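As the structure is a prediction and not an experimental result, all values here were calculated from the model. When a residue number appears, it is its place in the shown sequence, counting from 1.
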Amino acid sequence: IVTSQLTSALRQRAEDASQRERETRMLYDILRATNRQEDVRHQLTILARSIIEIYSASGIYDCSFLLPHLENDPLILASAHTPLELIQLSKDDLSMVKWIQKHGKPINIKDAANTFYNGHIQSFKESHIKSNKKRTHFYTRLIPLKTEQQVIGILRLNIEEDAECM
């Protein structure tokens, strides 16, 4: 019994070490890829795609970066999957983004009230629901990107969760 417990513990530690090694390798690859690019938009696109690659098992299926713009509306600078010209922000979306810029706190937007989704993401969701027999819930998480106390941008994550886990 003791031998099997030790074997099991060693196996778990080896799996944990392999997972940490994979994560470290991915982070290194991300840094290497972004350092080769001088264009900020391309760097953020690489980062957005990497976030999805790393966290897709957690339900993240799209990611984009919003940065403050001179005309008071945020500029969508990069997206992992959705072409930038397809992303449009409603007045409600803009007010939520401005609230985050002012207060520096993340918020979730329920799918029913969320107009962030466009036809591109909607078709993804519909095809995914058909291929997945589980009931799922979609929402968007807006996370402020800060330096000290100033919000310099917002990370937008489109997330899918198993409805039974909620």
Side-chain angles (χ1 to χ4, degrees), residues 18-111 113-132 136-161:
S18 293
Q19 177 66 25
R20 282 192 303 276
E21 180 184 347
R22 274 192 304 277
E23 290 170 357
T24 302
R25 191 175 326 111
M26 280 193 269
L27 288 172
Y28 176 74
D29 290 344
I30 292 167
L31 289 173
R32 222 177 60 226
T34 55
N35 282 338
R36 281 186 263 166
Q37 299 297 322
E38 292 185 20
D39 179 32
V40 173
R41 179 168 285 168
H42 194 69
Q43 288 177 338
L44 291 175
T45 301
I46 291 170
L47 188 55
R49 288 181 180 152
S50 299
I51 288 170
I52 291 173
E53 182 180 332
I54 294 168
Y55 295 105
S56 62
S58 300
I60 296 174
Y61 64 91
D62 199 14
C63 171
S64 56
F65 290 93
L66 303 136
L67 299 178
H69 196 262
L70 297 176
E71 288 92 40
N72 283 336
D73 288 345
L75 172 66
I76 301 167
L77 198 57
S79 177
H81 293 304
T82 307
L84 297 179
E85 61 274 4
L86 294 180
I87 301 174
Q88 295 188 1
L89 304 178
S90 71
K91 289 181 182 180
D92 288 341
D93 298 331
L94 291 172
S95 67
M96 289 182 218
V97 166
K98 288 176 184 177
W99 186 90
I100 293 170
Q101 287 176 319
K102 181 178 179 181
H103 298 283
K105 299 200 185 297
I107 60 172
N108 291 340
I109 304 171
K110 292 181 182 178
D111 188 32
N114 180 10
T115 55
F116 251 122
Y117 295 111
N118 52 56
H120 179 76
I121 291 299
Q122 191 65 35
S123 65
F124 164 83
K125 291 178 359 183
E126 289 168 1
S127 68
H128 188 65
I129 288 169
K130 287 177 188 173
S131 68
N132 185 358
T136 55
H137 166 75
F138 294 91
Y139 68 97
T140 297
R141 178 124 175 113
L142 300 174
I143 302 170
L145 303 173
K146 300 183 199 178
T147 59
E148 298 297 319
Q149 295 301 317
Q150 182 181 3
V151 175
I152 59 168
I154 295 173
L155 175 65
R156 184 193 75 155
L157 301 173
N158 290 344
I159 304 169
E160 170 192 18
E161 281 186 346

> Who are the salt bridge (charged side-chain N to carboxylate O under 4.0 Å, His left out) partners of Glu148, not counting sequence neighbours?
Replying inline: none
> Distance-only, no hydrogens or angles: does the Asp62 side chain make a donor-acceptor pair with backbone N or O of Asn158 under 3.5 Å?
Replying inline: no
> Nearest 0.5 Å, what's the CD-CD1 distance between Glu160 and Ile60?
Replying inline: 11.5 Å
> Looking at CG of Leu94 and CD of Gln101, how far apart are the two atoms once the value is rounded to the nearest 0.5 Å?
Replying inline: 9.5 Å
> What distance do His81 atom NE2 and Ser79 atom OG have between them, rounded to the nearest 0.5 Å?
Replying inline: 8.0 Å
>> Going by the rule side-chain contact (heavy atoms from CB on, under 4.5 Å), which residues pair with Thr147 if we only count those two or more places apart in sequence or in a different chain?
In response: Gln150, Ile152
> Should Leu155 and Ile51 count as side-chain neighbours, where that means a heavy-atom distance under 4.5 Å?
Replying inline: yes
> What residues form a side-chain hydrogen bond (donor to acceptor under 3.5 Å, both in side chains) with Arg41, not counting sequence neighbours?
Replying inline: none
> How long is the gap from CG on Asn108 to OG1 on Thr140, to the nearest 0.5 Å?
Replying inline: 8.5 Å
> Of the non-hydrogen atoms in Leu67 and Gly153, which two are nearest, and what is the gap between them?
Replying inline: CD2-CA, 3.7 Å
> Which distance, rounded to the nearest 0.5 Å, do you find between the CD1 of Ile143 and the CG of Leu66?
Replying inline: 11.5 Å
> In chain order, what residues pass the side-chain contact (heavy atoms from CB on, under 4.5 Å) check against Gln19, with sequence neighbours excluded?
Replying inline: Arg22, Glu23
> Considering all heavy atoms of both residues, which atom of Val151 and which atom of Gly104 are nearest to each other, and what is their separation?
Replying inline: CG2-CA, 3.7 Å
>> Let me confirm one number: the OG-CD distance from Ser18 to Glu21, rounded to the nearest 0.5 Å.
In response: 6.0 Å
> Got a sec, which residues hit side-chain contact (heavy atoms from CB on, under 4.5 Å) with Ile107, two or more places apart in sequence or on another chain?
Replying inline: Met96, Trp99, Ile100, Leu142
>> Would you say that Pro106 contacts Pro144 through its side chain, given a criterion of any heavy-atom pair below 4.5 Å between the two side chains?
In response: yes
>> Under the criterion side-chain contact (heavy atoms from CB on, under 4.5 Å), I'd like the reasoning laid out for Leu145 against Phe65: C-alpha separation, chi angles, the key distance, then a yes or no.
In response: CA-CA 9 Å; Leu145 303 173; Phe65 290 93; 3.7 Å; yes
> What residues form a side-chain hydrogen bond (donor to acceptor under 3.5 Å, both in side chains) with Ser64, not counting sequence neighbours?
Replying inline: Arg156
